[in-house]
2 protein chains.
Amino acid sequence: MTRPVSIKNVAERAKVSVGTVSNFLNRPEALSPATRERVREAVEALGFVRNESARHLRAGRSRTVGLVVLDIANPFFTDVARGVEDAASEAGLSVIFCNSDGDPAKEGRYLEILAEQRVRGVLIVPADGDHERIGALRDRGVPVVLLDRRAARSGQCSVSVGDVGGGRMAVEHLLGLGHSRVAFVGSGEARQVADRLRGAQDAVVATGPGGAALKVIETPTLNVAGGRSAGLELAATPRSGRPTAVFCVNDLVALGVLQALTQEGIDVPGDVAIVGYDDIDFASAAAVPLSSVRQPRQQLGRAGAQLLVEEAEDPDHRHRRVVFSPELVVRASSAPAARRRRQVASSAI
Amino acid sequence: MTRPVSIKNVAERAKVSVGTVSNFLNRPEALSPATRERVREAVEALGFVRNESARHLRAGRSRTVGLVVLDIANPFFTDVARGVEDAASEAGLSVIFCNSDGDPAKEGRYLEILAEQRVRGVLIVPADGDHERIGALRDRGVPVVLLDRRAARSGQCSVSVGDVGGGRMAVEHLLGLGHSRVAFVGSGEARQVADRLRGAQDAVVATGPGGAALKVIETPTLNVAGGRSAGLELAATPRSGRPTAVFCVNDLVALGVLQALTQEGIDVPGDVAIVGYDDIDFASAAAVPLSSVRQPRQQLGRAGAQLLVEEAEDPDHRHRRVVFSPELVVRASSAPAARRRRQVASSAI
DNA sequence: CTGCTGGGGTGGATCGTTTCAGCCTTCTGG
DNA sequence: CCAGAAGGCTGAAACGATCCACCCCAGCAG
């Protein structure tokens, strides 16, 4: 409850000037051993802790970066966050972690706060298409790196994972198993969703006229609950018209769909095959281990933070767009070809 | 890339003094409409954003709080974080989110950073028993609220969930199903672990001499991977001596145990029943839906943040220890009594 | 007309740190 | 013995916002 200790108190106690204490903190080798020891003792005795705000005020730039994600409860984003955190702390930066909930208004408020904090830069998984606030930050000279989203123009860095390719990969896998009625489950404005859907459509279109068909099922939210409601909708569809394979926009949704189908007595993968997206740790622990499109989550975060640091330090930095490749992991939720073919035949009778 | 805009630039443009601009920002009603409009225009035109550091330097207190958790990848903690965030933003505070990974050194570094930032207060799920750093923070007058851990002395606030009771509840449930060889899976210094174990022991001891026995299986880490390794160890035990019921210190570990057992051909709950802890969303989506001890996660965080705010604002604040009660949620992973009894009988032959 | 009130505004001190010009000593080489 | 350099330290300016004592003037009562 005592008044906070400032550099001045330390200086008085050590009988040196404040400048010397500052040197002790930042360039200790510049002091004579005797002085250094006196200052060290004073710092110790008083329990002095630097005031980062004052430091930052003088320096004009802070030592923190902001990270804004869509959903802190989604393990995908916590893994990304961990990658960001690791890379940031290697660069001596701390991270302010913000959760936009996919709400542009909330996102805007957080960006405002980050701007007031004069963060060194911002990593963001944007909520939607309208980024005037992000633009405003950039205009103010704050580096912004887009995560999990490819930058539209070359005006900024981005790190993403090929979502179109991931979607195509997932659906090609399902088509390869003999499925011809496929559903895409997902919703929202986010580019990730649109891209995965596009990839799925590409794969279906490639089967030519009279080939496979893709049905889109909207979910209220992109979490387990949302998936559950989509699963119930699916279960309520008469079997004859029901898709035999489902590609879900992320694993949370896939888990929800799986739960609902199982609960309604629909066999996975016997009646309906499922492929998710992200390959979160829980995907393999599901009731029926989930096939999924794996993304390099930590690397995504790490690479983003590195680009951000580079942009902040290097004056003639060139913006880059890093794109990782997703990878399909096949598990029990998408049936092996042999079994599937048999089933198609019998249902054709 | 232009120089950042300060209150001074705004003042020049609006042809007023800096004091007036400050008033505009903090007490707009004190200005005459004409002046207010002029300043508003200048702020707008220059894209002025307050410098929070300068503000804070002058004010002596910041508008952020720190939150330190053990494992950001554990959904339990993300749910807690969400509760904290909600309550904090209602109080106009932002949250700096830190992940100690259960490592006291990393925890110490984060506390140091938070101290340098002069946060308004700290919410922490401490990594271990040695809290000198936390004490140092408190001595400096920074409110600290312990989360998920009961404060030892009355010198600080804490919000926790009765872990002893939770552990007892889980094991009593298993004993009630007829199990007599029970294992506890977990490890680490954290009080949560010790308390849940103690509760489990209490329940076992209550069965009297010649009653049930509790075996402790250590895991390398408290996540899915750790659980998997414990599960393999369990599977390698000869059936005759193998516990028929397992109480896991958290759901991640339980999911890992479940995976390993299933993979090794051991039926859950037929051969081994499992109860987890936390009741994270994924517990019910597991291969065998997991029985678990539910904790009010968001409320935990929310209540903690509220206590913190109260302690920071109210000079004659009395420390409080809030304790929530856990709740047992029974699912398929712990067999119903009827089935279990049959099985015990048959294995006794 | 005078004195008073109070709304509206000013300008400088202040917060804690860093930075930098400059001062004093001591040392070195010629 | 002296000029100059180098090392070690000092003290004040600056960062951007807030706060506060104070000033100015219009309006009003006496």
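To find a chain, count down the sequence lines: A is the first, B the second, and so on, and within it residues start at 1.
Contact annotation: the side chain of A/I72 approaches that of B/F97 to within less than 4.5 Å [non-hydrogen atoms, C-beta and beyond]. Between A/F48 and A/N9 there is no side-chain heavy-atom pair separated by less than 4.5 Å. Proximity of B/S100 to B/L70: side-chain heavy atoms (C-beta onward) are separated by under 4.5 Å at one or more points. B/R38 is not listed as a side-chain neighbour of B/L31, based on a closest heavy-atom distance of 4.5 Å or more. Here the side chains of A/V69 and A/V80 are not in contact, with every heavy-atom distance at 4.5 Å or above. Put simply, the side chain of B/I124 does not reach to within 4.5 Å of the side chain of B/Y110, judged on heavy atoms.
When each of A/R36, A/K15, A/R13 is checked for a salt bridge (Lys or Arg N to Asp or Glu O under 4.0 Å) with A/E41, only A/R13 meets the rule.
Computed from coordinates, the B/R63 CZ to D/dT18 C1' distance equals 14 Å when rounded to whole Å. Whole-Å rounding puts the B/F24 CZ to D/dT18 P distance at 12 Å.
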Expected rows: protein N/O vs nucleotides 24-28 of chain C N/O, under 3.5 Å:
none

Pairs: protein N or O with nucleotides 21-26 of chain D N or O, under 3.5 Å:
none

For a salt bridge (Lys or Arg N to Asp or Glu O under 4.0 Å) check, start with the C-alpha distance between B/E112 and B/R109, then their side-chain angles and the critical distance, and finish with the verdict.
CA-CA 5 Å; B/E112 181 78 22; B/R109 253 177 292 133; over 6 Å; no
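Under the 4.0 Å criterion applied to side-chain N and carboxylate O atoms, B/E313 and B/R61 are assigned as salt-bridge partners. A salt bridge links A/R82 and B/D71; the closest N-O separation between the charged side-chain nitrogens and carboxylate oxygens is under 4.0 Å.
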Does the protein touch nucleotides 7-18 of chain C at the base, only the backbone, or not at all? Give it as B, S and - per nucleotide, heavy atoms under 4.0 Å.
-SSBB-BBBBBB
